[in-house]
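Notes follow once the structure below has been shown.
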Amino acid sequence: MSAAAPAEIRLTLPDGSQRTCPAGSTGADVAAAIGPGLAKAALAIRLDGKLRDLSTKLTGDARFEIVTLKDKNEAELLELIRHDGAHVMAQAVQELFPGTQITFGPATDDGFYYDFVRDQPFTPEDFAAIEQRMAEIVKRDLPIKREEWPADKAVDYFKSIGETYKAEWVAEIAKRGEAISVYRQGDGWLDLCMGPHMPSTGKLPVAFKIMKVSGAYWRGDAKNRQLQRVYATAWRDPKELAAHLQRLEEAEKRDHRRLGREMGLFHQQEEAAGMVFWHPLGWTLYRSLERFMRERLEAARYVEVKTPQLVDRKLWEASGHWEKFRQNMYIAENEEGIRDYAADDSERIFALKPMNCPCHVQIFNQGLKSYRDLPLRMAEFGSCHRFEPGGALHGIMRVRNFTQDDAHIFCTEDQIISESQAFCSLLQSIYKDLGFTDVRVKFSDRPATRAGSDEIWDKAEGALKEACDAVGLEYTLNPGEGAFYGPKLEFVLRDTIGRDWQCGTLQVDFVLPERLGAEYVGADGARHRPVMLHRAILGSFERFIGILLEHYAGKLPLWLAPLQVVVAPIVSDADGYAQSVADQLEAAGLRVTTDLRNEKINYKIREHSLAKVPVLAIVGKKEAEQGSITLRRLGVEAQETLALADALARLAAEAKMPSRA
RNA sequence: GCUGCCGUAGCUCAGUGGUAGAGCACGUCAUUGGUAAUGACGAGGUCGACAGUUCAAUCCUGUCCGGCAGCACCA
């Protein structure tokens, strides 16, 4: 501390009041001065809005806040708790399993994990023991103290205790010139950490649970050694923990794989791993979505095409996919001697298309294009095959055969901006109609090695940003993560349990037109390269339907529901009337069936409710006599008896596909 | 692909070194019942595949296939 430091410093508390204390006091001192209750509850302080250790020495005037379990900044508080939790778990594991090395242990959205190095795998049976030891460490109430160490001391220390990964990491931090801080928990155990932390292990709420263990690569690189990642969830109190576990259970109920079975939409089987067998109802849903997309694309002046599944490798060589993407491609080689005729092209090798772009360029290249033809928006619901690694497959969200709502916009450089804007606005309108307003956008800009001049990149990056701004989409930056052929936007939706899935995308491409020789004649009479915008809104029908199912927990909006109405008579005397009601509903454009089985109405309601049929039309003697129907909505006990004509009109209106506003 | 776990009836799951069980679903019969399960009876499985150990394997071992979670990769 410099000699000029004032003897007294002034703290401004959250309520605006001011308080003075001797310079060099700690947060804990101030808390104690305010009151013993607060001193006990204090977990950390906030100095000018920044979270700090309670033991931080106060050296100047500042806005000052004491953080307790009641802190209003829930996210920051939880992170503090979880970060401590990670350390407590690490200590517990090292006490229980000597010889285990520690590496990284950050907080996550619902808890924390820690990556360990240990030859023997952790098993779910170990979880209880670890939890118990953690609770014990909490009970020991070990003081947590920050220490700043010179880098070489830290390297030597971690090496001396066999923590080679920590030593490696310290060396790296030191190289960047950053300070090395360690947090000591009790007398012996310590971990390299930036902090902040709570003052002692006793402050950690015993509201954590170890959830799972899995492999994870050191520094996130598959070439490195695989570590064991132990995940835990952690909360402010046991009630919150219980609520979280409850949420997970609920999420499981809306898992798209489960709903797909319960609703009779699709199935998958090992003879076609990573592919989808769409059942009649599932395919109806698929087609509704397809019809919706087709209408929107037509309104947005796209033209639709269809291109081959199997294409000679020559095209993939020209496009660069053969070199860059071959390990993900299904290659069809001709087996010798299986045909009883001589095939002209038995020597040739074909591959199932993993992407549609090269095929679209082939269409573009037919006939000489003029600048007057641009922008040319070429759409295809293109079925693509990619040999995805087995561990990546996930229901219908990550498959090996999927159908992209793909399109390529061939345009001039000057049109990038307007086309990007038009696309973002189309995308946003479609997401909105499908019920998604919480869309994450990631913007990836120029990577270190890239094609195209800086000038063009400036233009392309600017266009993508402007397009987001124009329709009010906020994005986060992924610096340097763009493709080598151009910058991109990724539109990400989140599934039930918080996993993110990329759906839409917009990519500017300066390279493929070049590689595949696309050109147009400009106003100047000379030939020019068009720019290609690769874009998708749903991403793939398969993934998007999975997201839709989870988003709505199977309770799809009426226009998307594959089976919209089931007409169920209460007694068989009403069968004839039920059939006539169904016929009229069908004539009004609804997807409807009857349930004439000899079952009680309770049974029928239960069954169709479980199958997520949105509307049940119940008819008994009363309805048959009055010419009415009684409607029951999915998940709603209330019923409503309407004149048939009214019901028909109402349901038909409700079942209308959203069209361009 | 990597790590861990898993694969028994259509589904959800018990179970055992001596070739298997429940609930629901399914079929038959009876029941005509006003808003989330009517009852009785019946049929269903080479226990994922292939090898090995064993007198004997659904169970133990190995390999493969598939699934789940995470990592890596990706729409």
Side-chain angles (χ1 to χ4, degrees), chain A residues 108 113 115 120-126 211-231 252 255 257-258 261-262 267-274 325 327-328 354-355 382 384 386-406 490-493 497 499-505 534 536-544 546-547 568-575 597-611 616-623 630-641:
Chain A
T108 62
Y113 65 77
D115 287 346
Q120 218 183 326
F122 291 107
T123 67
E125 286 75 54
D126 298 328
M211 303 298 284
K212 57 198 169 200
V213 58
S214 79
Y217 300 102
W218 169 240
R219 316 278 309 263
D221 189 333
K223 289 200 271 302
N224 290 340
R225 162 151 189 189
Q226 196 161 34
L227 317 169
Q228 294 192 64
R229 178 168 296 178
V230 179
Y231 285 88
E252 205 176 304
D255 185 298
R257 293 162 295 192
R258 176 172 171 158
R261 185 178 62 243
E262 290 173 352
H267 87 271
Q268 297 178 282
Q269 65 186 52
E270 63 176 281
E271 286 78 1
F325 206 71
Q327 60 165 347
N328 289 301
M355 297 172 185
C384 295
R386 294 183 192 172
F387 197 97
E388 299 288 351
L393 303 180
H394 181 83
I396 63 172
M397 308 254 254
R398 182 82 182 267
V399 286
R400 289 183 172 143
N401 174 23
F402 55 98
T403 312
Q404 295 179 315
D405 63 318
D406 202 4
E490 291 172 6
F491 302 90
V492 175
L493 296 175
I497 53 172
R499 283 178 295 214
D500 286 339
W501 296 93
Q502 184 190 320
C503 292
T505 185
H534 305 248
I537 293 174
L538 307 181
S540 84
F541 281 85
E542 291 79 4
R543 173 172 297 180
F544 205 90
I547 298 261
I570 294 167
V571 291
S572 54
D573 285 349
D575 283 2
R597 291 175 304 170
N598 177 13
E599 294 291 350
K600 292 192 171 172
I601 197 62
N602 282 336
Y603 181 89
K604 293 182 185 180
I605 286 168
R606 176 181 158 79
E607 191 161 278
H608 299 302
S609 297
L610 289 174
L616 298 184
I618 313 288
V619 295
K621 283 187 189 131
K622 191 178 77 187
E623 285 81 0
T630 298
L631 299 184
R632 180 189 164 118
R633 304 291 177 141
L634 178 58
V636 181
E637 277 182 49
Q639 346 155 10
E640 188 180 19
T641 303

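A, B, ... follow the sequence lines: proteins, then strands. Residue 1 opens every chain.
Residue contacts shown for A:H608 are absent, as no nucleic acid heavy atom lies under 4.0 Å away. A:A536 comes within 4.0 angstrom of no nucleic acid atom, judged by non-hydrogen atoms across all strands. Here A:M397 lies in heavy-atom contact (under 4.0 Å) with a base. When heavy atoms are screened at a 4.0 angstrom cut-off, A:R257 is found touching the sugar-phosphate backbone but no base atom. Within 4.0 Å (heavy atoms only), A:F402 reaches at least one base atom of the nucleic acid.
Summarising the geometry, atom CZ belonging to A:R606 is positioned 15.0 Å from atom NZ belonging to A:K600; distances are rounded to the nearest 0.5 Å.
With a cut-off of 3.5 Å on both Watson-Crick or G-U wobble distances, the partner of B:rC60 is given as B:rG52. Summarising the base pairing, B:rG7 is matched to B:rC65 through a Watson-Crick or G-U wobble pair whose two defining distances lie under 3.5 Å. Using Watson-Crick or G-U wobble geometry with both donor-acceptor distances under 3.5 Å, B:rU16 finds no partner in any strand shown. Across all strands shown, B:rC71 forms a Watson-Crick or G-U wobble pair, both distances under 3.5 Å, with B:rG1.
Using C1' as the reference atom, B:rU16 and B:rA72 are 40 Å apart when rounded to the nearest Å.
Side-chain atoms of A:Q639 come within donor-acceptor range of the base of B:rU35, with a qualifying N/O pair under 3.5 Å.
Among all heavy-atom pairs drawn from A:Q268 and A:V399, the shortest one is NE2-CG1, 4.0 Å.
The existence of a salt bridge linking A:R219 and A:D221 is excluded, since no basic side-chain nitrogen approaches an acidic carboxylate oxygen closer than 4.0 Å.
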